[in-house]
Amino acid sequence: MSACIFCKILVNELPASIVYRNESVAAFLDIRPVNRGHLLVVPNLHAETLADLPEPIAQEMMAVAQRLAGALRRANLRCDGVNLFLADGAAAGQEVPHVHLHVIPRNRDDGFGLRLAPGYGTVSRREELDAIAAAIRDATGLGLY
Ligand SMILES: [Zn+2]
């Protein structure tokens, strides 16, 4: 038996307010919403990090999130905008170790937002940006450039 709360939701061992489900992903309401209608899109298989997730399932998570963002705007909820947010790893704020994409309805005055680190706003030197880009490019193994 999995100790993962999202896996338990997916096998109906824990309750959830399910909005959508197909063969690879499910979406349900966050029990601690930022705003009413705050959704989580999760893979049906247990994967802790984005890197653990098969790419077609990651693509399906985004496709479902796109449809849900549209639904939030059409539903009878306050929704002036939508944020998609995925915390990959504890250092990024991931609290449940099962990949999940937040679909968060936003209102102009809801007070939610990302807190910027001290020193944010400094424009980086081009040489530094190019060196970082090269390091990431090399790590992709994709030959992107
Ligand atoms: Zn899980």
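Heavy-atom basis, side chains included; hydrogens, waters and symmetry copies ignored. Order of appearance sets the numbers: ligands from 1, and atoms from 1 within every ligand. Numbering of residues begins at 1 and proceeds along the displayed sequence.
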Electrostatic pair [X]:[Y] at N-O distance under 4.0 angstrom:
X      : Y      : answer
Arg21  : Glu60  : no
Arg36  : Asp30  : no
Asp110 : Arg108 : no

Using atom types as modelled and distance alone, determine if a side-chain donor or acceptor of Asp138 lies under 3.5 Å from a backbone N or O of Ala135.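 A pair under 3.5 Å: no.
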Closer than 2.8 Å to the Zn ion (ligand 1), which protein N, O or S atoms?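 Less than 2.8 Å away from the Zn ion (ligand 1) sit Cys4 SG, Cys7 SG, His46 ND1, His98 ND1.
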Can you give each donor-acceptor pair under 3.5 Å made by side-chain atoms of residues 121-128, sequence neighbours left out, with the distance rounded to 0.1 Å?
| unit_1 | atom_1 | unit_2 | atom_2 | d |
| --- | --- | --- | --- | --- |
| Thr122 | OG1 | Gly119 | O | 3.1 |
| Arg125 | NH1 | Glu127 | OE1 | 2.9 |

Should the heavy atoms of other residues, nucleotides or ligands under 6.0 Å from CG of Asp109 be counted, would the total exceed 12?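 Count over threshold, so yes.
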